[in-house]
Amino acid sequence: MCGIVGYIGKKQAAPIILDGLARLEYRGYDSAGMAIFDGERINIKKSVGRLKILENLTHDGKMMPGLLGIGHTRWATHGAPNNENSHPHFNEDETIAVVHNGIIENYLALRKKMTDKGYHFRSETDTEVLAHLLDYYYKGNPLEAITKVLHRVSGSYALGIMFADHPDEIFAVRKDSPLIVGQNEDGCFIASDVPAILKYTRTVTYVENQEIVRLREDHMHFYTVDEEEIAKTPVTIDWDANAAEKGGYEHFMLKEMYEQPKTVSDTISPRLKGNEIVIEELNMSDDEIRAIKKIHIVACGSAYHTGVTAKYVMEGLARIPVEVDVASEFRYRNPILEEGALVIVISQSGETADSLAALRESKARGFKVLGIVNVVGSSIAREADNVMYTWAGPEIAVATTKAYSAQLVALYLLAIKFAQVKETIDEIEFDGMLEDLKRLPDQIELLLNNKQRIQRFANRYIGAKDVFFIGRGIDYAISLEGSLKLKEISYIHSEAYAAGELKHGTISLIEEGTLVAAVSTQPALYQKTISNMVEVKARGAFVLAVTCEGNKEIEKAADYVIYIPETNAYFANSLAIIPLQLFGYYVAVGKGCDVDKPRNLAKSVTVE
Ligand code: M6R
């Protein structure tokens, strides 16, 4: 979702801002713009579509000289993606420029108020009210104007602001939308996310809710909304900068799929100490684990799908009831949380607005929240009571793969740990599961190395209109993710169904040649799924089966079979998802889709 980059320092600002925005492209956007102070006035250039257009328009920033500026990639919420609605937004006399990520919820009332005061609006955005409000309250002191505005707006915002008559400073503000600031020997930076400025500095400070930062060439000052100065401690980012580069792969998604053996191993290994699972971050004694009466898992998208898998694994292994909710539903359904409940919020970005709201709702009711998060220092990581990190490193492709796989194994570890403490599994089962977990990275690698067969198969379905994914139990959870991978990047309509549910309506959509991907990794359910495959085949479907080695019987009902190596049935998701990710990827590549940045999607969904 919208990306913000700002710079003030000794270097030309525009190329740095363009470079930073390019590194935020993965967040999703439909227009871009930047404001640069040229020594006399603030100049703004905007363009609709890819950042490349803005780069060409400004000759890679050379046409916009100046040592300070703010830039933005916009993911449209209020008003179509056009030049007027693109950021930055000016006040009327073009002396104040603002970029914004988030939603100003009371913008209609504010817009009316400012219109009544004689202000004219050029765009349909909620952001423009901020520019006019700043103008209204500005009497020469930017900090004072900003705090007055903040007291009057509600909603979420990360802002970059500049004032033409204060050419030695830019401002950053945040509430419920991510924002960081950084510094090196040449200047100071604002960014929505670390990759934007990692090339320039590893010293960053996370801006907290309702904090204001005044950035100058050689220092930064932090303030509360009451203009009181506060001290902040920067952190050093220790990622490998190459982790956010394509490294020779055609797409980030392909690279990230290939990183899965490592991310799975990196997430498991630090928590295996000898023959024990040690999850220190859980901060729970064995007695506290035994006291868990129910687990509520809350997440969105693919993270929700890992939660659906976890329900089967946790209930099966640890015999703890699990309720899984889509975060946007959880927060408004007045969920029943009772004593002994543990809330787990799963999120790659750690910034998903609905997941964050669900976390806050749970905490407000007095329940402890465990975050399973990938981005270190993100909002969910900071606000959760305890955080179990998935060590997947930066994930750039909008379609998640490696973070999904890391979430899965983090959840397996939790389930096995709970089961061991509750003695719902015996020692032999426990040891066997650890061995199976340790084998997963190599098995994933094996599946990735056999990609040609899936690639060939995918090429046959580039023209498909509808694809159905079916499975039972954990295989249903795998189907949900397989279907999402395909539709989000290839734009082919696809749905996932519990295999037994198909004949309650959806089977009427099956026509001659419709592709049905049947996932069948649970030996106890093999026969049941075969029956469902036969039903769709009888109606003309072409059946692709994903099953475990040895299940030869499936060949009688399937037209094409992909085998995954043998593992514990509870962990089959980690293997079966690999061919489905590859299938979605190769269909999208074959169709010529923008795989890493699918239309309309954002990597980090920071608005409701
Ligand atoms: O950052 P999060 O894990 O909270 O994001 C949740 C979803 O937005 C995300 O999984 C989304 O569904 C992806 N596009 C799936 O590939």
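One-based numbering along the sequence shown. One-based numbering, in listed order, for ligands and for the atoms of each. Reckoned from all heavy atoms, side chains included, excluding hydrogens, waters and symmetry mates.
Between the side chains of Thr390 and Gln407, not a single donor N or O lies within less than 3.5 Å of an accepting N or O.
Residue Thr352 has at least one N or O atom closer than 3.5 Å to an N or O atom of ligand 1. Not a single N or O atom of Gln407, backbone or side chain, sits closer than 3.5 Å to an N or O atom of ligand 1.
Ser349 OG, 2.7 Å is the protein heavy atom nearest to atom 1 (O) of ligand 1. Closest protein heavy atom to atom 3 (O) of ligand 1: Gln348 N, 2.6 Å. The shortest contact between atom 8 (O) of ligand 1 and any protein heavy atom is with Val605 CG2, 4.1 Å.
Contact annotation: for Glu488 versus ligand 1, heavy atoms closer than 4.0 Å belong to the side chain alone.
Not a single heavy atom of Leu601 sits under 4.0 Å from any atom of ligand 1. Distances from ligand 1 to the non-hydrogen atoms of Lys485 include at least one value under 4.0 Å.
Close approach to Val398 involves these atoms of ligand 1, each under 4.0 Å from a residue heavy atom: 13 (C), 14 (N), 16 (O). Close approach to Ala399 involves these atoms of ligand 1, each under 4.0 Å from a residue heavy atom: 16 (O).
For Glu259 and Lys402, the salt-bridge test passes: some basic side-chain N is under 4.0 Å from an acidic carboxylate O. Note on Lys311 versus Glu315: salt bridge recorded, some NZ/NE/NH1/NH2 to OD/OE distance being below 4.0 Å. A salt bridge is absent between Glu211 and Arg174; no separation between the charged side-chain nitrogens and carboxylate oxygens falls under 4.0 Å. By the 4.0 Å N-to-carboxylate-O rule, Arg333 lies close enough to Glu323 to be salt-bridged with it.
Remark: Arg453 is positioned above the aromatic ring of Tyr560, its terminal NZ or CZ atom under 6.0 angstrom from the ring centre and at most 45 degrees off the axis.
In this comparison of Ala397, Gly301, Cys300, Ser302, the heavy atom closest to atom 15 (C) of ligand 1 sits on Ser302.
At distances below 3.5 Å, not a single donor-acceptor pair connects side-chain atoms of Arg74 with backbone N or O atoms of Tyr29.
Aromatic ring centres of Tyr404 and His305 lie farther apart than the 6.0 Å criterion allows.
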